[in-house]
There are 2 protein chains.
Amino acid sequence: MVKQQQSSSHAGLFETVASQAALLGSPARLKILLLLAQSPRSVEALALETRESVANTSQHLKKLREGELVNVERSGVSRIYRLADERVALVVETLFDLAELRSTAYREASRLLVGQEELSPLSVEQMRREIQEDRAVLIDVRDTVESCETPVSGAVSIPLGELEAELIKLSRTKTYFVVCRGRACGQATQGVRLLRKKGLQAYRVKESPAALRLKARSLLASKPRKDTT
Amino acid sequence: MVKQQQSSSHAGLFETVASQAALLGSPARLKILLLLAQSPRSVEALALETRESVANTSQHLKKLREGELVNVERSGVSRIYRLADERVALVVETLFDLAELRSTAYREASRLLVGQEELSPLSVEQMRREIQEDRAVLIDVRDTVESCETPVSGAVSIPLGELEAELIKLSRTKTYFVVCRGRACGQATQGVRLLRKKGLQAYRVKESPAALRLKARSLLASKPRKDTT
DNA sequence: TGCATATTCAAGCGTTCTATTGAACAGTTG
DNA sequence: CAACTGTTCAATAGAACGCTTGAATATGCA
């Protein structure tokens, strides 16, 4: 038995937050947001990459638009959607963090897709130091479109498809960190396996480019260092 | 037209994240989580404070339990629910951040409930410095149960109901920062208005106790200072 | 043992959500 | 102007959701 207490929310504060949070409660929309976090895309492109119908994708985008999470602009015959704010990507990332922390179902699914042994044992700060001191190289295996639109500072762009051909140029004395779209993307794992098959020391970076950008910024804020790249 | 690209999610990675995110897409559950972020509570207490039926509250809690966001333990005749992890509170806080950033509806609702002019113009770090150097006092106006369970480091606990009686003891030369449950809670605003009516310089702290704890920790990590309190 | 209390369960009802289908609506290009 | 393309809209069926009601379960206490 507890004494009653004014809930102090006459207005729809919780309702507005919930309606935006509910937008993140659909796999289809999470996929869309993850893709938009890499680079702007047309409806058709999103539909193709999420394997959903165009109409369905358009409807999801409509909701995301109404929820002020994405913006549209016309470009010729198509409409290009983009995240309304980089911080939207970070919130999505936070949800993946949460699932990793607190959902056994997620961890099982993740084990199947991404593997564990490829993960980098180093923190982002440690990796960054290794890279800055030339003992390691950070490879971004995403499409060039994506790595141009949302570049990872200090990373070399080698799309996964070209990685095998580039292997010959890689130094055997360095450590390789591989980054892709983030947790829910298997590309980095594939890249790591490719590198390891050639005897190179390679690890997967768990964080998404957006999260890396944020961390880089806060690292710079707390202890400024000279920028490589 | 974009070249097709393996979506690389055979397993239900997005589905698992979405199912957890969907839990946060309901106002009733957000209220529950906000309350649990302050202190553990029984089903009945939660039902009373959220003004929902007990059965309904129980069902929401069941979902939250299945989603591994809360834990239960028996205590005599009632069952006490608590957040499974402090980081769950931070994710909820993040969603409120997002709404504040990106939902005009939220900002309107917030203006009605919480007011703007009471907000502290200082960052958390600045406030903490003021407090450590004795120019300011941080007042936690939550119930003593809550302020004991999730204390705010450096804060004095004066429940809102007792604030008026305590006014006489407050120094006129100091600045007062008032903290409550966070963004969606009007108590701090009421406290600030009370203090200002007496001519004291007072501001509302937007962050929740959980967020303050996190920030305090990372501040300590980056530039260690001696701990007051 | 039996009653009171706190919580959960089961069923039901109205609403909302997702994905599908087919049509409508621009802009673009010949 | 007409054909085409990319996108949105409208209508729909099926599932899921949120809340209510009433009953069932389990613990504490006389």
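Just so it is clear: chains get the letters A, B, ... in the order the sequence lines come, proteins before strands, and each one is counted from 1. Remember, it's a predicted structure, so these values are computed and weren't measured experimentally. Only this structure's heavy atoms are used, side chains among them; waters, hydrogens and symmetry mates stay out.
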- Message: On DNA chain C, compare the nucleotides closest to B/Thr57 and A/Asn56; which residue's is nearer the 5' end?
- Response: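 Its nucleotide being nearer the 5' end, the pick is B/Thr57.
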- Task: On DNA chain C, check which nucleotide each of A/Ala55 and A/Arg29 is closest to and give me the residue with the more 5' one.
- Result: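 Nearest-nucleotide comparison on DNA chain C picks A/Arg29.
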Quickly work out the [X] [atom1] to [N] [atom2] distance and round it to whole Å.
X: B/Glu52; N: C/dT7; atom1: CD; atom2: C1'; value: 17 Å
X: B/Arg51; N: D/dT20; atom1: CZ; atom2: P; value: 14 Å
X: A/Glu73; N: D/dT7; atom1: CD; atom2: C1'; value: 15 Å
X: B/Lys31; N: D/dC19; atom1: NZ; atom2: C1'; value: 13 Å
X: B/Phe14; N: C/dT18; atom1: CZ; atom2: P; value: 16 Å
X: B/Leu64; N: D/dC17; atom1: CG; atom2: C1'; value: 14 Å
X: A/Glu44; N: D/dC4; atom1: CD; atom2: P; value: 17 Å
X: A/Lys63; N: C/dA19; atom1: NZ; atom2: C1'; value: 11 Å

Is any side-chain N or O of [X] closer than 4.0 Å to OP1 or OP2 of [N]?
X: B/Tyr81; N: C/dA6; answer: no
X: B/Ser58; N: C/dT8; answer: yes
X: B/Ser53; N: D/dT20; answer: yes
X: A/Arg79; N: C/dG27; answer: no
X: B/Arg74; N: C/dA6; answer: no
X: B/Lys62; N: C/dT7; answer: no

- Residue pair B/Ser39, B/Arg142: steps toward the side-chain hydrogen bond (donor to acceptor under 3.5 Å, both in side chains) verdict: CA-CA 11 Å; B/Ser39 76; B/Arg142 294 177 300 159; over 6 Å; no
- Message: Check for me whether B/Arg196 meets the cation-pi criterion with B/Tyr203, that is, NZ or CZ under 6.0 Å from the six-membered ring centre and within 45 degrees of the ring axis.
- Response: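 Here B/Arg196 passes the 6.0 Å and 45° test against B/Tyr203.
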- How many angstroms lie between CG in A/Leu64 and NZ in A/Lys62, if you round to the nearest 0.5 Å?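 Those atoms lie 12.5 Å apart.
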- Task: Could you pull out the closest heavy-atom pair between B/Arg181 and B/Arg41, with the gap in Å?
- Result: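 Residues B/Arg181 and B/Arg41, closest heavy atoms: NH2-NH2, 3.6 Å.
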- Query: Using a cut-off of 4.0 Å on non-hydrogen atoms, how would the nucleic acid contact of B/Val43 be classed: base, sugar-phosphate, or nothing?
  - Reply: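 Touches sugar-phosphate only.
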- Task: Taking only Lys NZ, Arg NE, NH1 and NH2, and the carboxylate oxygens of Asp or Glu, determine whether A/Arg183 and A/Glu93 approach each other closer than 4.0 Å.
- Result: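 Counted as a salt bridge, because a side-chain N and a carboxylate O are separated by less than 4.0 Å.
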- Taking N and O atoms by type only, does the side chain of B/Gln59 place a donor or acceptor under 3.5 Å from a partner on the base of C/dT7?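 Answer is no: no donor-acceptor pair is held.
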- Message: Need to verify one output field. Residue with the more 5' nearest nucleotide on DNA chain D, B/His60 or A/Ile80?
- Response: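 Counting from the 5' end, the first nearest nucleotide belongs to A/Ile80.
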